[in-house]
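First comes the structure, then the notes that go with it.
Residues take their numbers from the sequence shown, with the count starting at 1. All ligand and atom numbering here is 1-based and tracks the order in the structure.
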Amino acid sequence: MKYYKIITYGCQMNEHESEKLSGILENLGYNLTGSDELADVIVFNTCCIRENAEQRAYGNIGALKRLKKANKNKIIAVGGCMPQQKDKAEILRDKFPFIDIIFGTHNLADFERLLKQRLEKGKKFIEISNDEYSIKECSFVKRSTYPSAYVNVMYGCNNFCSYCIVPYVRGRERSRNPEDILAEVKTLVESGYKEINLLGQNVDSYGKDLNPKVEFSTLLSRVAEIDGKFRIRFISNHPKDINENVAKTIKKYDKICNSIHFPVQSGSTKILGLMNRKYTREEYLEKIDMLRRIVPDIKITTDIMVGFPMELEDDFNDTLSLVEKVEFDGAFTFVYSPRSGTKAYSMDGHIDEKIKKERIVKLVDLQNSINRKIASKYLGKTLEILVDEFNLEQQIYIGRDEGGKVVHFNSDKNVVGEFVSIRITKASGISLYGEIV
Ligand code: SAH
Ligand code: SF4
Ligand code: F3S
């Protein structure tokens, strides 16, 4: 038996690409293992969105030196966003000479060839393509997120938010053909998947590059018209591009979750300008009003960053007041991390680490109190839950409602992958517990 292991960092886009790499490896006869010792091939699918993502990868790759020494035939491959950065592949090669294959985001579909060349010719390979329009279709995807499944609607990003490395490592926006997306969703639903998660860095600019153009809301409604009981989610929306048609489509179809991830980044118009987000605080709040007017029970989550260059106390307070005003159903909070090659990297006014820390603590405290308040409102409610997994450690089933709220409960029979009705009996912090009704 031949074995492989994949270590994934970063976003859902990357998780999905690891599923594509798994597909390639399984087609070649490799079996998945969690063991570094057993694995004949170890792939690191890396992220570089923040410094700490890179540090983690460095640490984990470095830890394999010993294993590689003990077994020279073990293949170690490093791919994804990190080596796609300027000069990073060479830095990785110099730092870790034992790496066998280094490949970029545009070389995902080349991985099979690279692995075969390594095995047959014994040479080490660095392959970083700069084809910013590459489309990485893979013939077989080994999915790992049942009952949920990722489907790319587009690749790349054109927005160049001034802090963000993604446009540099993922290339330009390119939309997949709607017919390909619909066919993939149909196959997934027919084979038992209950949740389709449409992926794009900015789904609201889906289809602008197609001929004829296709609106994201049109794609959404066509996905929702596919037969079968399943949920539709999508990430991420961009406040500058979302329009009423998206909200109306969410409202119109039961299958589309009344839920949206709507990154704000900052509550200060000044900082939003420096970030090149192309909307003001007021415009963001107007879009929130629009979403809540058209879809009254919509759950809204967000991403927020603190400590961007030039963020003064007043700007940070604008972020806090926006968070209080909107009462997000959840927020991913980040400390700004300078990324070499981005515009913000060379801006004036970088913020002291100590102040950044103080701000993130304040922001997290505020959002936690909102989370608790929102969680307590669920007490006594009955929710339709899609069951994701049985957690062996806690001996409990875990699922989510359409708003994405995580719910824990017991069941006598295996209900993974099923929709069940759960009445919420306990809200502890942000965790909800309930029982089947
Ligand atoms: N395309 C998506 C997500 C991009 S990455 C979107 O635009 O919403 C996810 C989040 O990471 C971003 O929303 C942002 O909040 C955060 N992020 C991106 N670059 C960062 C940086 N340099 N430092 C800290 N956080 C960052
Ligand atoms: Fe990065 Fe902005 Fe593109 Fe999101 S929209 S990936 S934050 S550049
Ligand atoms: Fe995702 Fe990280 Fe790349 S967030 S797009 S894996 S830099």
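Looking only at side-chain heavy atoms (C-beta outward), Asp40 and Tyr4 stay at 4.5 Å or farther from each other.
Using bins of under 30°, 30° to 60° and over 60° for the plane-to-plane angle, the ring pair Tyr336/His350 lands in the tilted bin. Relative ring orientation between Phe98 and Phe96 is described as perpendicular, the plane-to-plane angle rising above 60° on a 0-90° scale split at 30° and 60°.
Summary of contacts: the protein heavy atom closest to atom 7 (S) of ligand 3 is Cys48 N, 3.3 Å. Distance from atom 7 (S) of ligand 2 to its nearest protein heavy atom, with residue and atom name: Tyr163 OH, 3.4 Å. When only non-hydrogen protein atoms are considered, atom 1 (Fe) of ligand 3 lies nearest to Cys11 SG, 2.3 Å. Nearest protein heavy-atom contact of atom 5 (S) of ligand 1 is Ile49 CD1, 3.6 Å. Annotation: atom 2 (Fe) of ligand 3 to nearest protein heavy atom, Cys47 SG, 2.3 Å. Considering only non-hydrogen protein atoms, atom 5 (S) of ligand 3 sits nearest to Arg170 NE, 3.3 Å. Looking only at protein heavy atoms, the nearest one to atom 22 (N) of ligand 1 is Ser337 O, 2.8 Å.
On a distance-only criterion, Asp303 and ligand 1 share at least one N/O pair closer than 3.5 Å. Not a single N or O atom of Tyr336, backbone or side chain, sits closer than 3.5 Å to an N or O atom of ligand 1. For ligand 1, the polar-atom distance check finds no N/O of Asn202 at less than 3.5 Å from any of the ligand's N/O atoms. At a 3.5 angstrom cut-off on N or O pairs, Gln201 counts as close to ligand 1.
Side chains of Ser134 and His106: a donor on one and an acceptor on the other come within 3.5 Å. Side chains of Gln367 and Asn371: a donor on one and an acceptor on the other come within 3.5 Å. Looking at Thr280 and Thr269, their side chains never bring a donor and an acceptor atom within 3.5 Å of each other. Between the side chains of Arg233 and Asn197, no donor-acceptor pair of N or O atoms lies under 3.5 Å. Checking Ser162 against Asn276 by side-chain atom types alone, no donor-acceptor pair falls below 3.5 Å.
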Step-by-step salt bridge (Lys or Arg N to Asp or Glu O under 4.0 Å) determination, Lys373 to Glu327: CA-CA 10 Å; Lys373 183 171 143 195; Glu327 293 204 336; 2.6 Å; yes
Residues Lys116, Glu112; criterion salt bridge (Lys or Arg N to Asp or Glu O under 4.0 Å); working and verdict: CA-CA 6 Å; Lys116 281 187 178 155; Glu112 175 170 347; 3.0 Å; yes
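Remark: the backbone N or O of Ile300 is paired with a side-chain donor or acceptor of Asp329 at under 3.5 angstrom.
Ligand-side atoms of ligand 1 in range of Gln265: 12 (C), 13 (O), 14 (C), 15 (O), range being under 4.0 angstrom from any heavy atom. Atoms of ligand 3 lying under 4.0 Å from at least one heavy atom of Gln201, given by number and element, are 5 (S). Below 4.0 Å from some heavy atom of Met305 lie the following atoms of ligand 1, by number and element: 14 (C), 15 (O), 17 (N), 25 (N), 26 (C). Every atom of ligand 1 with a heavy atom of Arg339 under 4.0 Å away is listed here by number and element: 22 (N). Taking a cut-off of under 4.0 Å to the non-hydrogen atoms of Pro263, the atoms of ligand 1 that pass are 8 (O). Of all atoms in ligand 3, numbered sequentially from 1 with element shown, those under 4.0 Å from a heavy atom of Asn14 are 6 (S). Set against the non-hydrogen atoms of Tyr163, the atoms of ligand 1 under 4.0 Å away are 18 (C), 19 (N), 20 (C), 22 (N). The contact set between ligand 1 and Phe334, taken as ligand atoms under 4.0 Å from a residue heavy atom, comprises 10 (C), 11 (O), 15 (O), 16 (C), 25 (N). For ligand 1, the atoms lying closer than 4.0 Å to a non-hydrogen atom of Arg50 are 11 (O), 16 (C), 17 (N), 23 (N), 24 (C), 25 (N), 26 (C).
Among protein atoms, those of element N, O or S found less than 2.8 Å away from atom 3 (Fe) of ligand 2 are Cys157 SG.
Taking the centre of each ring, Phe216 and Phe234 come in below the 6.0 Å mark. Two rings, from Tyr193 and Tyr146, have their centers less than 6.0 Å apart. In summary, the aromatic rings of Phe262 and Tyr284 are positioned with their centroids under 6.0 Å apart. Ring centers of Phe160 and Tyr168: under 6.0 Å apart, within the cut-off.
Annotation: salt bridge (charged side-chain N to carboxylate O under 4.0 Å, His left out) contacts of Asp388 (sequence neighbours excluded): Arg400.
At a heavy-atom distance under 4.0 Å, only side-chain atoms of Arg277, from C-beta outward, approach ligand 2. Here Met13 has no heavy atoms under 4.0 Å from ligand 3, in either its backbone or its side chain. Heavy atoms of Cys81 found under 4.0 angstrom from ligand 3 belong exclusively to the side chain.
Under a 4.0 Å heavy-atom criterion, Val335 is in contact with ligand 1. Proximity of Gln12 to ligand 3 is not established, as no heavy-atom distance is less than 4.0 Å.
For the salt bridge (charged side-chain N to carboxylate O under 4.0 Å, His left out) with Glu311, the qualifying choice from Arg359, Lys270, Lys356 is Arg359, the only one to do so.
The line from OG of Ser217 to CD of Glu244 is 11.5 Å long, rounded to the nearest 0.5 Å.
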